[in-house]
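This report concerns only the one structure given below.
Hydrogens, waters and symmetry mates play no part in the numbers below; they use all other heavy atoms, side chains included.
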Amino acid sequence: MRTVLSCGWEGGAVYGDLWAWVAEEPAKAAAAAVMIGIPAAGALAQQRQKDRARSGRSGASAPRRAGDTVLVRFLAGRDIKPGDPSSSASWWCAGEEVVRDRTAADLAAGAPDAPGKQQHTVLRTIAAGAGRWSCWPGVARASVRLVVPAAVVAGWSGWGLVAAAGTGVLSAAGVAAAVTGPAVLGWWRPRPAGADLVHGPGMWAALRPALGVDESQRRERWLVLSDDVSVPGARVVLRLPAGWPGGEAGKRAITAAVTDRLPGEWSEKWHRADSAPFAEWIRKEPPRKVPTLPESVEWKASRDPFQVYVGQAVRGYDLEDVVIRTKSATPHFGVGGLTGSGKSTVLYLGVVHARENGVLVDILDTKQNSMAEAEGKSGVRVHKTPAECVAALGEYLMSMMAAETAIGKTGDPALRQLLVPRLMVADELPTMMKMALIWWKYQIKGRGIPPFAEWFSIGLLQGRSADHRFGVGAQQWANAYFGGTMERAQIGWKAQLGFCDSPSWAVAFGASTPMVSPDTTVPGRGVFADGRINPETNGLWAREFQPAYIVPEVSTRLDWAPSAPAWFDAGERAPWITAETLKTAESLAIPDFLVGGRLGPAHPVMGGPVTHRRNHAVGVVPPRSGVVTGVPVTAGVTGGVTGAGGAAPQPAVELFSLAEACGAGLLPWDYATAKVYKGRSTKKGIEFPSGIPDGRVTYYTRDEIEDWLERWQASAQSRP
């Protein structure tokens, strides 16, 4: 017993001496405690993780490398706790906290210097930065951690003042480097947490059992992720164990564990036959957004007389300019649509472009006011009555034939020098043709088929090589107004504005062309085709487009266009029309319809006065954009009919084809029945009206239809 007490007393003496030493040398005692306590704590922590692994609990956070000991983490400025780090802070760069349910893109967006983040005062920012201890750079955290041991060692050595000064400087430098760099002065940018930190642990927890990999294996040896998985081309690579059975079900499970945790679409590739088998996933390009057409497009002037800018269309994922190239397979252009759809607005584009490039323009406008902005301008002649329109068409055809002769091998060089490109715009072509037919039969008492419908067909077939082109506006592209399918096909660039029913679509673009429905809520919106083939359907390419709006600028632009030759504004014929041309024109029945002819108007239509002479060094007034609104039009014959020689207007006569008469209710049958009764009427001796033929369709007046119907019904009632 004495011996034991002696030993206990000796142990107590040792502890007493130790406490006495601690009391006498507190600084040295603190340093010794730190030096002994840190390794002891690290050892205990590692032992605790080993115990967790033996008990079957998750060891995902267990240190797996020599550098994961607590002492190494302490000295390196890393997180003290074992396992995956809680931030992306490195030795030199500040980091972002890792939140497992957020993506790398979210963390990058929440960076302290991210655009749009609320700015705080400097002091509040420093305080906030100091509170984010885990996001300090490793060097800053290590500096602050080593302040206490350094001060203890320095004090133990008797360098108290130096220790205090060094401690202050080291602490201040560490804190300043941590909280002022990314937050205030911007010395460096915080490094967002990479995908390996955000998605890696959860992904590996799902992949490891599926692969059959032991828990002791490190994730970095098997799974590699790009730092930023939000960019196209980012890769995820997974090594595959040699004994992994795989199979389609296994592949699907692995792919789901990877792609379900990552944003975007991924493509997978499996390399099972390699010596080191692996699978990889590559981030696909995000789907590009298809642009929407603007509701208003500014017009662009062009110095090329054979390229007319008319608006914009969508092609793939971009907007492209819609251009009429009149020196290619689309020499003539046309615009169709219902009343008020904006046909005249698009035709204005061709008129203004032509005049700004020195082209002479004739406008056939029996509606009287559809292109009023161009009236009274030099280089523009507007023909309003049927007689004037027919005379202009005849003179235009002679000009075309004479130009062809002049540019030929045997042509006169002097006449060739006088040639000027010309454009004829027929706004409301069906109205003009119907009014001309009425004038032909009821005013000048013509018989048979009138010649001017065929003149128009010849002009369409012949015009490009002689630089004589046509622009046409029509409610529908029926063959009757163009002379036939072959002639109508010469309208190479064709547009249909606003709503279009199936029959009108088939007539305009062909029944085999897939129907495109434009946004009819946008004024002027339409569909166009320029003869190109759709690579997807191998058929005519019809696309939606938005025409440019130029109406407010038409008058000003035409004023500043180059002045026209004096002969044109005076209403005279083209000077290259020779006596030989007139002789040839007699075979086409043209001279009688010209100005001063037997059937033509007495006075010529003249262009407007020259108001300005454009200086080519000075640009044209820039266009303004706005909402496209078409000039209202009236279908059918709405204006008065003027006779030959400019006679007084006659009352309007309404014409109907047999089909139109059935549709309008003038005949109480459908078109097929009406044709049958028409044939029976002739056999029964009931005269059917001769009507007004245009070569393909015959038109009748309301009185003629009603008179025949009355006689037909009377004969039916008289039969027993």
Side-chain angles (χ1 to χ4, degrees), residues 53 56-68 78 82-88 90 93 95-96 98-109 191-289 316-317 536:
R57 287 178 288 178
S58 174
S61 60
R64 302 186 179 99
R65 290 171 292 184
D68 284 340
R78 296 165 55 193
D84 295 309
S86 61
S87 77
S88 61
S90 65
C93 296
E96 288 290 335
V98 177
V99 182
R100 302 303 177 186
D101 58 352
R102 297 172 61 192
T103 65
D106 296 330
L107 294 172
R191 187 180 64 174
D196 184 67
L197 291 176
V198 178
H199 304 288
M203 192 178 296
W204 180 243
L207 291 174
R208 188 188 58 75
L211 294 174
V213 177
D214 188 75
E215 294 182 1
S216 62
Q217 293 292 326
R218 293 189 308 173
R219 183 181 77 238
E220 293 81 359
R221 292 186 56 190
W222 296 89
L223 178 65
V224 179
L225 291 86
S226 299
D227 288 336
D228 187 359
V229 293
S230 63
V231 298
R235 296 175 72 240
V236 178
V237 179
L238 177 68
R239 286 180 53 202
L240 301 174
W244 182 60
E248 291 301 323
K251 288 183 178 180
R252 287 196 298 269
I254 294 293
T255 299
V258 173
T259 58
D260 288 353
R261 289 171 169 79
L262 301 177
E265 298 292 330
W266 296 78
S267 62
E268 59 178 302
K269 295 181 180 180
W270 294 83
H271 305 270
R272 297 293 306 277
D274 291 7
S275 58
F278 68 97
E280 63 176 338
W281 292 265
I282 302 176
R283 174 73 184 269
K284 296 180 181 179
E285 289 280 351
R288 297 179 61 184
K289 184 178 179 181
Y317 298 100
E536 298 180 358

Show me the side-chain donor-acceptor pairs of residues 275-284 shorter than 3.5 Å, one per line, residues at least two apart or across chains.
residue	atom	partner	partner atom	Å
Glu280	OE1	Arg235	NE	3.1
Glu280	OE1	Arg235	NH2	2.5
Glu280	OE2	His271	NE2	3.2
Arg283	NH1	Val229	O	2.8
Arg283	NH1	Ser230	O	3.2
Arg283	NH1	Pro263	O	3.4

Can you name the residues that form a side chain to side chain donor-acceptor pair (under 3.5 Å) with Trp244, not counting sequence neighbours? none
Under the side-chain contact (heavy atoms from CB on, under 4.5 Å) test, residues paired with Ala210 that sit two or more places apart: Ile254
Side-chain contact, heavy-atom cut-off 4.5 Å: Leu223 with Asp196? no
Rounded to the nearest 0.5 Å, what separation is found between the CD atom of Gln217 and the CZ atom of Arg239? 8.0 Å
Can you tell me if Glu265 has over 12 outside heavy atoms packed within less than 6.0 Å of its CD? no
Any idea which heavy atoms bring Arg208 and Asp214 closest together, and the distance? CD-O, 3.9 Å
Shortest non-hydrogen contact from Trp204 to Arg219? CB-CD, 3.4 Å
Under the rule for side-chain contact (heavy atoms from CB on, under 4.5 Å), what residues qualify as partners of Asp260, not counting sequence neighbours? Ala256
Considering all heavy atoms, the nearest Ala206-Ala257 contact: CB-CB, 4.1 Å
ring-ring contact (aromatic ring centres under 6.0 Å, His included): which pairs involve residues 248-267, sequence neighbours left out? none
Closest heavy-atom pair, Pro232 versus Pro286, reported as atoms and distance to 0.1 Å, is CG-CD, 3.6 Å
For residues Ser88 and Val98, report the shortest heavy-atom separation together with the two atoms involved. N-CG2, 4.4 Å
Do Met203 and Leu225 make a side-chain contact, defined as non-hydrogen atoms from C-beta onward lying under 4.5 Å apart? yes
Hey, could you give me the CZ/CG distance between Arg261 and Leu207, rounded to the nearest 0.5 Å? 7.0 Å
How would you list, by chain and number, every residue that makes a salt bridge (Lys or Arg N to Asp or Glu O under 4.0 Å) with Arg252, sequence neighbours excluded? none
